[in-house]
Structure formats: C-alpha cells, structure tokens
Amino acid sequence: MNAPQPPATGRDAAAVNAAYEAEAAEAHGDVTVDELDLAAELSGVPSARATDDVAEYALRLGDDALILSQRLGWWISRAPELEEDMALGNIALDLLGHARSLLHYAGTASDRSEDDLAYWRDEHEFRCAWLFQQPNGDFAHTIVRGLIAAIWMQELHTALSTSTDASLAAIAAKSVKEVAYHRDHAVQWTLRLAGGTDESRERLLVALTDTWVYIDELFRDDELHERLEGIVPRPSSLRAGFDEVWDAVLAEAEITPADFVDKKIGASSGGGRFGNHSTHLGPLLAEMQVLARRHPGASW
Amino acid sequence: MASPGDIAGEGWPLYEVFVRANRGLSHVHVGSLHAPDDDMALRNARDLYTRRNEGVSVWVVRSSAITTSDPDQKGAFFESPAGKNYRHAKYYEKSAEVPHL
C-alpha cells in the first residue's frame with residue numbers, strides 16, 4: 001500500500017498549474033477556439049476567385065442576408081418570450097453565416113474581406129432588395145417578412161446549389177437546409193397568428209398589406225442575370241415555385257390575396273439591386289457600422 | 001380550457017424536454033421551456049437544446065402531464081428498504097437439489 005502523498009504546496013503546486021496551463025494551451029496551438037470555428041464556418045471553395053459579375057451577384061445575396069440578419073438581431077431581448085428570442089436569434093446567426101460566405105466570395109474579385117464589404121461600404125453601394133431593409137414592425141410584420149424571405153431563399157438556394165460556379169453551389173447547398181428551417185418557423189407562426197385571436201389575425205393582415213409589395217423586386221431579371229446565364233438561375237424562373245408555397249400557406253391560414261393585396265396601389269418599384277434604397281436602410285447601416293468606423297482595425 | 005393569453009399576465013405553458021444523444025441510448029431530460037403548443041415546443045426545444053449536434057431525437061411533454069414524487073417525501077419514498085435485508089435474495093441458501101435456479 002502506498003503512503004499518503006503530501007499535499008502539493010509551493011513550488012509543486014506552481015509546477016502542476018504550469019503543466020495544466022501548457023496542456024490547455026496545447027489543445028489549439030496559438031489559435032483561439034473562436035478563430036478555428038470562424039474559419040470552418042465559411043463555406044465555398046477555398047482560394048476560388050469570383051469574376052466581377054459573379055462577385056456582383058454574390059454581393060446582392062450577401063447583402064440580403066446581412067441586412068435581414070441585422071434586423072432580426074434587434075429582437076433579442078424584445079421577443080414575446082425568451083424562446084422566441086432564441087429562435088429569431090438563431091435565424092439571424094444562420095443568415096449572418098450566409099452573408100459571411102457570400103461576401104467573402106464577392107470580396108475575392110476586388111481583394112476585400114467580408115468585413116470590408118460589410119462595414120466600409122456606403123448606403124448606395126449596398127445591393128439588398130427592399131424587403132430585407134423593412135423595419136421590424138410588430139411581431140406579425142417580422143414573421144411575414146421572414147416568410148417571404150425564407151420561401152424565396154429556399155427556391156433560390158435549391159436552384160443555385162446546382163450552379164456551375166462551385167463556390168456559389170457550395171454556399172447554396174449549406175444554406176438551403178437552414179433556410180428550410182427558417183421557412184418552417186415563419187409558416188408555423190403565420191398559421192398561429194391567422195388562427196389565433198381576432199387581434200392577431202388583424203395584425204397579420206396589416207403586415208401582409210404592408211409587406212407583399214416588396215415581393216416583385218425579388219423576381220426581377222436584369223442585365224446581370226443575362227450575363228450570368230447558365231451560372232445562376234433567372235429570378236423570374238423562381239416565381240412559380242414561390243407562388244406555389246406562398247399560396248398554400250395563405251390557403252391553410254384561410255387568407256385570400258383579396259384580404260390584403262387590394263388595399264395597396266401596387267408593388268414597390270424597389271431598386272435595391274442598383275443601390276437605390278428605402279429610407280430605412282441608412283439608419284440601419286449607421287448603427288451596424290458605427291463601431292467598425294469609429295475604431296478602424298479594432299478586433300472583438 | 002383556457003388558451004394562453006386568455007388570462008391577463010399568463011404566459012405559455014411549461015414543457016419538459018428529453019433528448020436522445022445516440023441510437024441505442026434512452027432519452028434524457030435536458031431542461032424545460034415555454035411554448036404556445038406541442039408543435040412549437042418541439043421547435044423551441046430544437047433551438048434551445050440541440051443546436052450543437054447533441055441529439056438524434058427530441059421528446060417534449062407538458063410539465064403538467066408529468067406526475068412526480070414529492071421531494072419532501074424522499075425518506076418515505078426511497079428509504080423504506082433499509083433494514084429489510086430479507087428483500088435481497090442473496091441472503092438465502094441455494095438449494096443443492098435445484099442446480100439451474
């Protein structure tokens with residue numbers, strides 16, 4: 001039987017601590033856990049370089065995801081329940097991941113990082129559609145905007161996952177699973193608001209009236225899509241798939257387009273793809289970019 | 001039955017969450033959450049408890065559907081076998097004539 005060991009004291013204890021710290025440091029070398037995970041999160045083909053047209057296209061989608069993510073982050077601590085804080089926060093984080101991959105890829109054409117693109121562009125250089133910059137409104141507005149965004153993104157990423165551009169295909173293949181969950185979240189809440197109380201249904205209809213006008217911009221073809229023919233899907237080609245899901249959700253919620261479409265003059269002309277934005281984007285960017293611009297080069 | 005929101009100040013009902021980490025293991029209680037109904041409880045459980053590849057299956061059940069033992073009655077509930085060694089079969093002599101018992 002071994003004699004009881006004396007307790008580690010003085011120099012012994014220091015040696016034990018040093019050995020422990022060395023072992024802890026060894027696990028990740030000089031790289032912190034955060035850096036390891038962040039590098040692994042970027043999907044796409046390493047060292048791939050985007051053409052100018054593909055970069056412009058990636059910029060559009062990256063800005064959509066970035067701006068919607070920033071909007072959703074507002075809900076954290078403000079959602080109806082803690083569980084909904086988490087759900088909206090998780091969706092925002094997924095979208096931030098999409099934005100990072102897309103902006104990283106877009107930046108390869110001009111040797112800019114995703115941070116350069118997110119924090120050091122001015123309003124007119126952003127390419128997000130108007131839907132994504134709309135204010136959060138009440139919970140129903142956020143849900144309707146999320147529903148439109150998720151149905152559209154699922155159609156888009158499904159088509160894009162077979163792109164001949166390997167980076168766009170890889171980003172889309174990763175995103176499509178996450179977007180399917182976002183869609184489910186929005187559908188579940190749409191049905192509950194529609195079938196809940198009189199007030200929840202009325203608020204949902206108001207949100208639909210305010211938001212449907214931004215749908216058309218998502219499906220508008222322009223010269224960029226002509227130049228990228230065969231590489232990316234034409235926006236107009238996604239409309240039929242979107243309408244099928246959109247109509248089915250509304251039907252299940254027992255809402256007809258006449259309940260909200262007739263209350264507004266017509267669809268918004270948009271213009272986000274060309275840098276013409278609603279009045280809501282500027283304040284959002286000011287808040288999102290203030291830290292990076294006030295402290296250039298800061299890392300956190 | 002009253003729905004959530006019918007009574008002022010009332011929140012969503014409480015659910016208990018059980019996650020199965022792997023095939024072959026049993027579901028283990030991981031925590032609780034509030035949700036407006038069963039379907040949303042399952043989705044909230046996914047957001048709150050399985051975001052880091054924890055599981056292959058999730059169960060949720062309304063806390064009100066679970067009947068529990070009273071923690072204050074732990075003594076009466078769980079300690080009753082103490083001093084009753086005859087409950088443990090190992091104190092009996094095995095009969096030599098019954099080899100395959």
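Convention: sequence-line order gives letters A, B, ...; per-chain numbering from 1.
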### Task
Answer with side chain, backbone, both or neither: which region of Asp85(A) has an atom nearer than 4.5 Å to a non-hydrogen atom of chain B?
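Neither part; nothing is under 4.5 Å.
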
### Query
Does Asp198(A) CG have over 12 foreign heavy atoms under 6.0 Å away?
no

### CZ/Arg43(B): more than 12 non-hydrogen atoms of other groups inside 6.0 Å
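Buried by this count: over 12 neighbours within 6.0 Å.
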
### Query
So which of Glu84(A), His185(A), Met86(A) has the largest heavy-atom pair count under 4.5 angstrom toward chain B?
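Top option by heavy-atom pairs under 4.5 Å: Met86(A).
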
### Message
If you compare all heavy atoms of Glu83(A) against all heavy atoms of Asn44(B), which two are closest, and at what distance to 0.1 Å?
### Response
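That would be CB-ND2, 3.5 Å.
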
### Task
Side-chain contact test, heavy atoms from C-beta onward, threshold under 4.5 Å: evaluate it for Asp39(B) versus Arg192(A) and give yes or no.
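Counting from C-beta outward, Asp39(B) and Arg192(A) do come under 4.5 Å.
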
